[in-house]
Novice: 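Attaching a single structure in structure tokens format; questions to follow.
A quick note: this is a predicted structure, and the numbers were derived from the prediction, not measured. Each chain gets a letter, A, B and so on, in the order its sequence line appears, and its residues count up from 1.
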Amino acid sequence: LAKTTQPISMDSYEGQEVNITCSHNNIATNDYITWYQQFPSQGPRFIIQGYKTKVTNEVASLFIPADRKSSTLSLPRVSLSDTAVYYCLVGDNNNDMRFGAGTRLTVKP
Amino acid sequence: SAVISQKPSRDICQRGTSLTIQCQVDSQVTMMFWYRQQPGQSLTLIATANQGSEATYESGFVIDKFPISRPNLTFSTLTVSNMSPEDSSIYLCSVRSGLGNEKLFFGSGTQLSVL
């Protein structure tokens, strides 16, 4: 099971781009990289998922280098409502259910 | 995607009693997961519940304390038995759904306080 390491916390200001990096040195060939967002008093919510290179959707981009030992979640032009905890999960369909510590992002006005 | 209804949303219980948390999904799913999240902490997987078989518990969690039922493909319950204040936490139900089944979807959680 690939262990993940993320910064415990990050601060940003409204309108800035935020990049959160996750390290997963022992990622396996079949593993996907998935990011979730959690607001207080809610369950985590799926943001984005990728296997390699770059993935973009309406809320974020995910950058994965060729060696796949890390990944970076990029949130463009954050707002106060993006203040949340962000979790990186690495695994395949059989073992991707365990969460790491997550990154607490605080967006300031 | 999957829509998950979890209840109760919160409860305050007395020490030594038990609480059963229900999780209803709007579609049939093979695997359901139960998590615990203590204040300010990440999620900890309690067990995986497959329909028609015994739940698989993670290290540190036992069936006598957290019995799970999975009577069909859309429903599961988690019981927190013989509660103590240390069981005060948020309990979350989750399913894997979507193309290739790679995404987790969560209920809104049950906030449990044990006095």
Novice: With distance as the sole criterion, is a donor-acceptor pair present between the side chains of B/S5 and B/Q24 under 3.5 Å?
Specialist: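 Side-chain D/A pair, B/S5 to B/Q24: absent.
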
Novice: Under the salt bridge (charged side-chain N to carboxylate O under 4.0 Å, His left out) test, which residues partner A/E17, sequence neighbours left out?
Specialist: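 If we apply the salt bridge (charged side-chain N to carboxylate O under 4.0 Å, His left out) test to A/E17, skipping adjacent residues, there are no hits.
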
Novice: Could you tell me whether A/K54 sits above the aromatic face of A/F63, with NZ or CZ closer than 6.0 angstrom to the six-membered ring centre and within 45 degrees of the axis?
Specialist: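 Relative to the ring axis of A/F63, which defines the angle, A/K54 lies outside at least one limit.
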
Novice: Would you mind checking which part of B/Q6 comes under 4.5 Å of any heavy atom in chain A, side chain (CB onward), backbone (N, CA, C, O), both or neither?
Specialist: neither

Novice: Let's test your reading of the structure: which of A/G102, A/P40, A/A101 forms the most heavy-atom pairs below 4.5 Å with chain B?
Specialist: A/A101

Novice: Inspect the surroundings of CD in B/E54 and state if more than 12 heavy atoms from other residues, nucleotides or ligands are less than 6.0 Å away.
Specialist: no

Novice: Would you kindly check if the NZ (Lys) or CZ (Arg) of B/R96 is within the cone defined by 45 degrees around the ring axis of B/F33 and under 6.0 Å from the six-membered ring centre?
Specialist: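 Because its charged atom misses either the 6.0 Å distance or the 45° angle limit, B/R96 does not stack over B/F33.
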
Novice: Taking disulfide (SG to SG under 2.5 Å) as the cut-off, I'd like each qualifying pair that reaches into residues 7-47 of chain A, sequence neighbours left out, listed once.
Specialist: A/C22-A/C88

Novice: Just to be sure I understand the criterion: a residue of residues 87-95 of chain B counts if one of its heavy atoms is under 4.5 Å from a heavy atom of chain A. Which ones qualify?
Specialist: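 Counting heavy atoms that sit under 4.5 Å from chain A, the residues of residues 87-95 of chain B involved are B/L92.
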
Novice: Do any of residues 108-115 of chain B have a heavy atom less than 4.5 Å from a heavy atom of chain A, and if so, which, in residue order?
Specialist: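 Within residues 108-115 of chain B, the residues that come under 4.5 Å of chain A (heavy atoms only) are B/S108.
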
Novice: What I want to check is whether the side chains of B/T77 and B/S69 have a donor and an acceptor closer together than 3.5 Å.
Specialist: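 Looking only at side-chain atoms, B/S69 and B/T77 do form a donor-acceptor pair, the distance falling under 3.5 Å.
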
Novice: Tell me if the aromatic rings of A/Y87 and A/Y36 count as close, with their centers under 6.0 Å from one another.
Specialist: no

Novice: Just give me the residue among B/L45, B/L43, B/I4 that pairs up with chain A most often, heavy atom to heavy atom, under 4.5 Å.
Specialist: B/L43

Novice: Take atom CD1 of B/I12 as the centre, draw a 6.0 Å sphere, and report whether it contains more than 12 heavy atoms from other residues, nucleotides or ligands.
Specialist: no

Novice: Does any N or O in the side chain of B/N50 come within less than 3.5 Å of the main-chain N or O of B/S53, such that one atom is a donor and the other an acceptor?
Specialist: no

Novice: For A/R104, is it the side chain, the backbone, both or neither that has a heavy atom under 4.5 Å from a heavy atom of chain B?
Specialist: side chain

Novice: Does the side chain of A/H24 come under 3.5 Å of the side chain of A/S71 through a donor N or O and an acceptor N or O?
Specialist: yes

